[in-house]
Student: 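For reference, the structure I am asking about is given below.
So you know, we letter chains A, B, ... as the sequences are listed, proteins then strands, and number each from 1. Note that these values count all heavy atoms, side chains included, but never hydrogens, waters or copies made by symmetry.
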2 protein chains.
Amino acid sequence: MQVSRPYAEPLARLRQAGLRPTRQRLALARQLFQHGDRHVTAELLHGEAERAGIRVSLATVYNTLHQFTAAGLLREVVVDAGRSYFDTNVRNHHHFFHEDSGELRDIPGEGIQVTGLPGAPDGKEVARIEVIVRLRPRD
Amino acid sequence: MQVSRPYAEPLARLRQAGLRPTRQRLALARQLFQHGDRHVTAELLHGEAERAGIRVSLATVYNTLHQFTAAGLLREVVVDAGRSYFDTNVRNHHHFFHEDSGELRDIPGEGIQVTGLPGAPDGKEVARIEVIVRLRPRD
DNA sequence: GTGTTTGCAAAGTGTTTGCAATTTA
DNA sequence: TAAATTGCAAACACTTTGCAAACAC
């Protein structure tokens with residue numbers, strides 16, 4: 001029988017990313033990666049960490065989110081002016097965005113295809129194609 | 001021969017939208033709609049207006065952009081955290097976003113099709129499907 | 001020990017708001 | 001004149017920065 005090792009994976013992720021596994025980074029990595037695919041804002045993650053008894057400053061949460069993003073552990077999603085979401089799902093996928101509640105939800109990428117797009121302009125390459133389905137309450 | 005009437009159209013747009021054609025709104029409407037399809041930020045439009053000798057406060061530019069958006073004369077595009085773009089093209093279309101320069105460019109909507117999307121969740125309807133092609137300089 | 005990371009508080013952005021003065025119909 | 005609109009300055013929300021203290025290796 002496989003024994004669960006709840007803390008091994010976050011540590012391995014940090015090591016692999018070349019980030020020192022400090023107390024704060026480890027704790028945030030656990031919050032982020034041990035609960036399936038998540039969409040968090042800095043404020044949300046900070047509040048969650050505090051409630052979980054982890055002492056981290058908001059500035060460190062911001063730093064950490066950006067470091068994780070640069071390392072490819074997270075993806076930043078922009079759907080709302082003036083608020084950044086970070087997505088623990090870095091696989092190919094898209095999003096439903098609930099405009100009323102601010103909720104962001106994954107749409108798995110496998111089935112989805114965008115056809116008819118022109119190629120990238122000269123000297124540029126496509127970093128990513130994002131599909132955002134904006135939802136509102138049905139009238 | 002048709003005589004050009006450079007100021008008639010903005011005025012008609014405002015009337016149709018039920019917005020009083022004040023000096024500021026008219027001037028901003030001209031800046032926005034008389035130069036083809038444009039993507040502007042509030043700061044950009046404000047600077048442009050000032051340079052054109054139009055006295056408008058930044059607060060009024062923000063108010064106006066939102067009123068125009070609510071009236072369907074503009075569309076707000078969110079591609080960059082902490083900066084709102086307003087698009088004078090309200091037809092069906094998508095965007096190239098140049099991540100290095102912040103430039104936003106239209107992709108006409110006609111040819112483009114997104115397939116494989118799941119339907120909207122219960123109680124919600126699709127307000128809009130946005131396709132954003134993020135570009136970076138080719139390495 | 002040495003270089004990295006953290007936390008705090010201050011500063012920075014872009015945006016919104018309250019309200020008196022002005023303008024429009 | 002009555003109601004809508006404007007401008008200013010202050011308030012806002014979110015994010016970044018500078019730097020001394022704490023920490024990881």
Student: Looking only at non-hydrogen atoms, find the nearest pair between G102(B) and Y85(B) and report the distance.
Tutor: O-OH, 2.6 Å
Student: My validator wants the stems of DNA chain D: runs of 3 or more consecutive Watson-Crick or G-U pairs, both distances under 3.5 Å, written as range with range.
Tutor: C:1-25 with D:1-25
Student: In whole angstrom, what separates L14(A)'s CG from dA24(D)'s C1'?
Tutor: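 Value for this atom pair: 13 Å.
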Student: What N/O pairs connect the protein and nucleotides 23-25 of chain C at under 3.5 Å? Give each pair on its own line.
Tutor:
{"from": "dT24(C)", "atom 1": "O2", "to": "R20(B)", "atom 2": "NH1", "distance (Å)": "3.1"}

Student: Is any side-chain heavy atom of S84(B) less than 4.5 Å from a side-chain heavy atom of T41(B)?
Tutor: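 No; the side chains remain at least 4.5 Å from each other.
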Student: Please step through side chain to side chain contact (heavy atoms under 4.5 Å, CB included) for the pair V61(A) and L28(A), ending with a clear verdict.
Tutor: CA-CA 8 Å; V61(A) 172; L28(A) 294 175; 4.3 Å; yes
Student: Applying salt bridge (Lys or Arg N to Asp or Glu O under 4.0 Å) as the test, list every pair that has at least one member in residues 106-123 of chain B; sequence neighbours left out.
Tutor: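 Passing the test, one end in residues 106-123 of chain B: no pairs.
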Student: Could you give the distance from CZ (F97(B)) to CG (L135(B)), rounded to the nearest 0.5 Å?
Tutor: 9.5 Å
Student: To the nearest 0.5 Å, what is the distance between NE2 on H94(B) and CD on E130(A)?
Tutor: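 With rounding to 0.5 Å, NE2 (H94(B)) is 13.5 Å from CD (E130(A)).
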Student: Could I get a table of every N or O pair under 3.5 Å where one atom is in the protein and the other is in nucleotides 18-21 of chain D?
Tutor:
none

Student: Checking R25(B) side chain against R20(B) main chain: does a donor-acceptor pair fall under 3.5 Å?
Tutor: yes
Student: With sequence neighbours excluded, give me every salt bridge (Lys or Arg N to Asp or Glu O under 4.0 Å) pair touching residues 91-104 of chain A.
Tutor: D37(A)-R91(A), E99(A)-R134(A), D100(A)-K124(B), E103(A)-R105(A)
Student: How close or far is atom P of dG7(D) from atom CG of N63(B), stated in whole angstroms?
Tutor: 10 Å
Student: Provide, to the nearest angstrom, the distance between the CG atom belonging to L58(A) and the P atom belonging to dT6(C).
Tutor: 14 Å
Student: Going from CG on L14(B) to CD on E9(B), what distance comes out if it is rounded to the nearest 0.5 angstrom?
Tutor: 10.5 Å
Student: Determine whether V40(A) and Q31(A) make a side-chain contact, defined as any pair of heavy atoms from C-beta on separated by less than 4.5 Å.
Tutor: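 SC-SC contact between V40(A) and Q31(A) ruled out.
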Student: Which residues pass the ring pair (Phe, Tyr, Trp, His ring centres under 6.0 Å) test with F86(B), sequence neighbours left out?
Tutor: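 Ring pair (Phe, Tyr, Trp, His ring centres under 6.0 Å) list for F86(B), sorted by chain: H66(B).
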Student: Identify, with sequence neighbours excluded, every residue that meets ring pair (Phe, Tyr, Trp, His ring centres under 6.0 Å) alongside H39(B).
Tutor: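 Only H95(B) meet the ring pair (Phe, Tyr, Trp, His ring centres under 6.0 Å) criterion with H39(B).
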Student: Taking side chain to side chain donor-acceptor pair (under 3.5 Å) as the test, write out the residues that go with S57(A), two or more places apart.
Tutor: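 Applying side chain to side chain donor-acceptor pair (under 3.5 Å) to S57(A) gives T60(A).
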Student: Can you sort out which residues in residues 44-55 of chain A have a heavy atom within less than 4.0 Å of DNA chain C? Ascending by number, please.
Tutor: R55(A)
Student: May I ask you to evaluate whether Y62(B) reaches the phosphate of dT15(C), defined as a side-chain N or O under 4.0 Å from OP1 or OP2?
Tutor: yes
Student: Tell me the salt bridge (Lys or Arg N to Asp or Glu O under 4.0 Å) pairs involving residues 75-88 of chain B, sequence neighbours left out?
Tutor: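 Sorted pair list comes back empty.
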Student: Side-chain donor-acceptor contacts of residues 46-56 of chain A below 3.5 Å, not counting sequence neighbours, with atom names and distances?
Tutor:
{"from": "H46(A)", "atom 1": "NE2", "to": "V56(A)", "atom 2": "O", "distance (Å)": "2.9"}
{"from": "E48(A)", "atom 1": "OE1", "to": "R38(A)", "atom 2": "NH1", "distance (Å)": "2.8"}
{"from": "E48(A)", "atom 1": "OE2", "to": "R38(A)", "atom 2": "NH2", "distance (Å)": "2.7"}

Student: Do any of residues 64-86 of chain B sit with a heavy atom less than 4.0 Å from DNA chain D, and if so which?
Tutor: none
